[in-house]
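In this text, all values refer to a predicted model and were calculated from it rather than measured experimentally.
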Amino acid sequence: MRQLFSVGYPAGAVAIAMLLQQSRPAWYVAWTLALFMFSPFVRRVIDAHYGWDPQSPVLLAPLLAAAVAVLTVVRQSSRLDDTRMLPLLLAGGAVLGGAIVGVFVSPPALVAYAALSWGAPIALGLYVMVRGDAHREVDRAVGRVLIGGVMVVGCYGLLQYVAPPVWDRVWMIETRMDSIGAPLPLRVRVFSTLNAPGPLAQFLSAALLMILARRERVRWGSVAVGSAAFILSLARSAWLGAAIGLIVLLLLGQRTLRRIALPLVLAAGVAAVAWQAAPNGQARLTVERTVGARITTLGTLSLDESYRARRYLVPVVLADIRAHPLGRGLGATLVGGARGLASARLADQGLYMDNGVMEIVLVLGWLGGAAFLLSAAAAVAHASFAPSSVGRAGRVGYLAAATALLAQVAGGTVFAGVGGAMFWLAVALANHRVQPAGRATLAARPAPRTIVAARVEP
C-alpha cells in the first residue's frame with residue numbers, strides 16, 4: 001500500500017500536468033504551484049502511517065510536474081529568440097553545465113534530483129513566457145491559487161505551532177533537525193505544509209507580496225494568516241528579503257500604496273489589540289520572547305550562533321572553490337535530505353552550507369555561477385522596465401516578489417524547489433511584453449486599395 005501511494009502520487013501529478021500543459025496553461029501553472037505547496041504535507045502523512053522514508057518519491061511530484069513544461073518549450077522553440085528569455089536560457093545553460101560536471105563526481109540519483117530542483121523552475125518560467133497568448137489567464141489563476149493556498153498554509157502553520165499533528169512530530173524527530181525547534185506546542189519553528197521553515201518563508205515572502213498587489217478583497221484573510229505563519233517561521237533572511245520587496249512594492253506602485261497602506265495600518269492595529277487581549281498569557285509571552293529574541297539578533301549578528309558559523313564556513317568553501325574552478329557539479333551539496341560530497345565534508349567539520357551565493361559558485365563553478373547569478377539579476381532588472389498585460393500593479397507585485405527572493409540569496413539557496421519556482425514564475429509574469437494599443441502588425445494591416453484609372457481610347 002505504501003508503494004501505491006508513494007509512486008502513485010507523483011505519477012498522477014505528472015499525468016494531470018501532461019493533460020493540462022498543452023490545452024489549459026493557466027490550470028497547469030496553478031496545479032504545479034499547488035503541488036509545490038502541499039506535496040511535503042502529503043509525504044509526511046504517508047510516512048506517519050507507513051513508516052519513515054528519508055528519500056520519499058512523493059517530493060518528486062512538483063518537480064516532475066514543472067519539468068513537463070519542457071515539452072511545450074521545445075515545441076515553441078521558435079519563440080525563444082526573444083531577448084526577455086535570454087536570462088532564463090543562460091541560467092538553464094549554467095544548470096546543464098553543472099549537471100554534466102556532477103555526473104563525473106556524484107551519484108546519478110543525486111545529480112538527477114538536483115537537476116530537477118534547479119532546472120524545472122526555469123522550465124516553468126520559460127513555459128509562461130512562450131505561452132504569452134494565455135498570459136492574463138495564467139495571472140488570474142496564479143492569484144487565485146495563491147490566495148487560497150496561502151490561507152490554507154497560514155492556518156495550518158498556526159495549528160502546527162499551537163498543537164503540532166503527529167505526522168509533523170514524526171518528521172521532526174526522524175530528520176533530527178535541531179534548528180527547527182522541538183515537536184512540542186509553542187516550540188516549533190513553523191514549516192506548515194512545506195518541508196522546512198526556510199522553504200516556507202521563501203514561498204510566503206514572495207506569495208504575500210504577489211497577493212498584496214492584487215485587487216481581490218478576500219486577499220486580506222490570506223495576508224493575515226500568511227503573515228502570522230511567516231513570522232513564526234523565524235527565518236530572518238526571508239524577513240529582510242520581504243521587507244526589501246515591500247519597499248519595492250510601495251515605491252513603484254503608487255496606486256498600490258494608496259490601496260494597501262490604510263488596510264495594513266488598520267490590520268496591524270487590530271492585531272496588536274487582539275494580541276494583548278489574548279486569554280492565554282503564558283503562550284503570548286512565549287511567542288513574544290521567541291520572536292523578539294530572533295529580531296534582536298538582527299542588530300547583534302556578531303553574537304548570533306549562525307552568524308559565527310558562517311564566519312568559519314566562508315574560508316573553507318572559498319578554498320574548495322579555488323581548488324575546483326569548474327565547480328563540484330550538481331549533487332555535491334544537500335539534495336533532498338541526502339548529503340552530497342561537499343556537504344558531507346562540511347558536516348565533518350561541523351559546518352552547514354547556508355550561503356546561497358557560495359553554494360551556487362561551489363556547485364556551478366566560477367563561470368557557471370557568475371552566469372547564473374547575473375542571469376537572475378538581469379531578469380529582475382529587465383522586469384523593472386517591461387510593460388505587462390497584467391497591468392502596472394500586477395507587474396510591480398511580481399517584481400517585488402522576485403526582488404525579495406533575490407535579496408535572500410546570501411542566506412541560502414533560493415533558486416531550487418519552491419523558491420526557484422516562485423522566482424522564475426514571478427520573473428516570467430513581470431516580463432511579458434504587451435503590444436501597444438492601436439498598433440497593428442504588418443501582417444494584420446489591410447492591404448492598400450489601388451485605384452486603376454480606365455483608359456479611354458480616342
Side-chain angles (χ1 to χ4, degrees), residues 1-43 45-46 56-80 85 88 92 95 112-113 115-153 193-195 203 207 210 336 389-390 398 416-429 432:
M1 186 61 70
R2 178 190 180 87
Q3 290 298 320
L4 176 64
F5 286 113
S6 296
V7 177
Y9 179 82
V14 172
I16 294 173
M18 293 278 289
L19 292 174
L20 296 177
Q21 57 92 23
Q22 178 62 23
S23 58
R24 295 287 188 272
W27 292 10
Y28 164 67
V29 174
W31 170 248
T32 304
L33 275 182
L35 289 173
F36 273 110
M37 282 188 275
F38 300 115
S39 292
F41 169 78
V42 173
R43 175 261 181 100
V45 172
I46 293 174
S56 175
V58 171
L59 296 181
L60 289 171
L63 299 174
L64 292 173
V68 167
V70 171
L71 300 176
T72 296
V73 173
V74 171
R75 280 196 299 266
Q76 303 288 341
S77 58
S78 60
R79 302 183 182 183
L80 295 178
M85 304 182 194
L88 283 79
V95 172
Y113 191 93
L116 274 175
S117 298
W118 290 61
I122 299 175
L124 185 64
L126 284 171
Y127 174 88
V128 172
M129 284 188 166
V130 300
R131 288 304 306 261
D133 56 312
H135 196 257
R136 291 180 184 272
E137 290 78 10
V138 170
D139 168 63
R140 285 194 290 268
V142 167
R144 290 168 184 163
V145 75
L146 286 181
I147 290 173
V150 168
M151 175 67 76
V152 175
V153 168
T193 60
L194 280 88
N195 214 27
F203 166 73
M210 293 181 187
S389 61
V390 299
Y398 293 125
V418 66
M422 295 296 287
F423 177 82
W424 295 113
L425 183 62
V427 163
L429 286 167
H432 182 66

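In this structure, W27 contributes its side chain and A141 its backbone to no donor-acceptor pair below 3.5 Å.
Taking CH2 from W31 and CD1 from I16, the interatomic distance works out to 4.0 Å, rounded to the nearest 0.5 Å. A distance of 13.5 Å separates CH2 of W118 from CG of L63, quoted to the nearest 0.5 Å.
Between M37 and G149, the closest heavy-atom pair is SD-CA, 3.8 Å. When all heavy atoms of A421 and F36 are compared, the closest pair comes out as CB-CE1, 3.7 Å. Scanning both residues, G417 and P121, for their nearest heavy atoms gives O-CG, 3.8 Å. Closest non-hydrogen pair, A65 versus A13, comes out as CB-O, 4.5 Å. When all heavy atoms are compared, the tightest approach of M210 to L146 is SD-CD1, 3.5 Å. In plain terms, the two heavy atoms of A61 and L35 that are nearest each other are O-CD1, 4.1 Å.
The ring-ring contact (aromatic ring centres under 6.0 Å, His included) test applied to Y127 returns Y28, not counting sequence neighbours. With sequence neighbours excluded, the residues forming a side-chain contact (heavy atoms from CB on, under 4.5 Å) with A123 are A69, V70, listed by chain and number. Residues that satisfy the side chain to side chain donor-acceptor pair (under 3.5 Å) test with S39, not counting sequence neighbours, are Y9. Annotation: side chain to side chain donor-acceptor pair (under 3.5 Å) contacts of T72 (sequence neighbours excluded): Q21, R75. By the side-chain contact (heavy atoms from CB on, under 4.5 Å) test, L64 pairs with V14, L60, L116, sequence neighbours left out. In this structure L80 satisfies the side-chain contact (heavy atoms from CB on, under 4.5 Å) test together with V73, S77, M85, L89, L126, V130, sequence neighbours excluded. T193 is linked by a side-chain contact (heavy atoms from CB on, under 4.5 Å) to F38, F41, V153, Y156, counting only residues two or more places apart in sequence or in another chain. Annotation: side chain to side chain donor-acceptor pair (under 3.5 Å) contacts of R79 (sequence neighbours excluded): Q76.
Considering only heavy atoms from C-beta on, T32 stays 4.5 Å or farther from L425 through its side chain. Counting heavy atoms from C-beta outward, W424 and L88 have side chains that approach closer than 4.5 Å. Using a 4.5 Å heavy-atom cutoff, the side chains of R131 and D133 are in contact. The shortest distance between side-chain heavy atoms of I46 and S6 falls below 4.5 Å.
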Worksheet item: Which is it for Q22 and L71 under the side-chain contact (heavy atoms from CB on, under 4.5 Å) test, yes or no, and what are the steps along the way?
Response: CA-CA 9 Å; Q22 178 62 23; L71 300 176; over 6 Å; no
Worksheet entry | F203 and V150: CA distance, side-chain angles, deciding distance, side-chain contact (heavy atoms from CB on, under 4.5 Å) verdict | CA-CA 9 Å; F203 166 73; V150 168; 4.1 Å; yes
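Residue pairs satisfying the salt bridge (charged side-chain N to carboxylate O under 4.0 Å, His left out) criterion with at least one member in residues 16-43, sequence neighbours excluded, are listed as follows: R43-D47.
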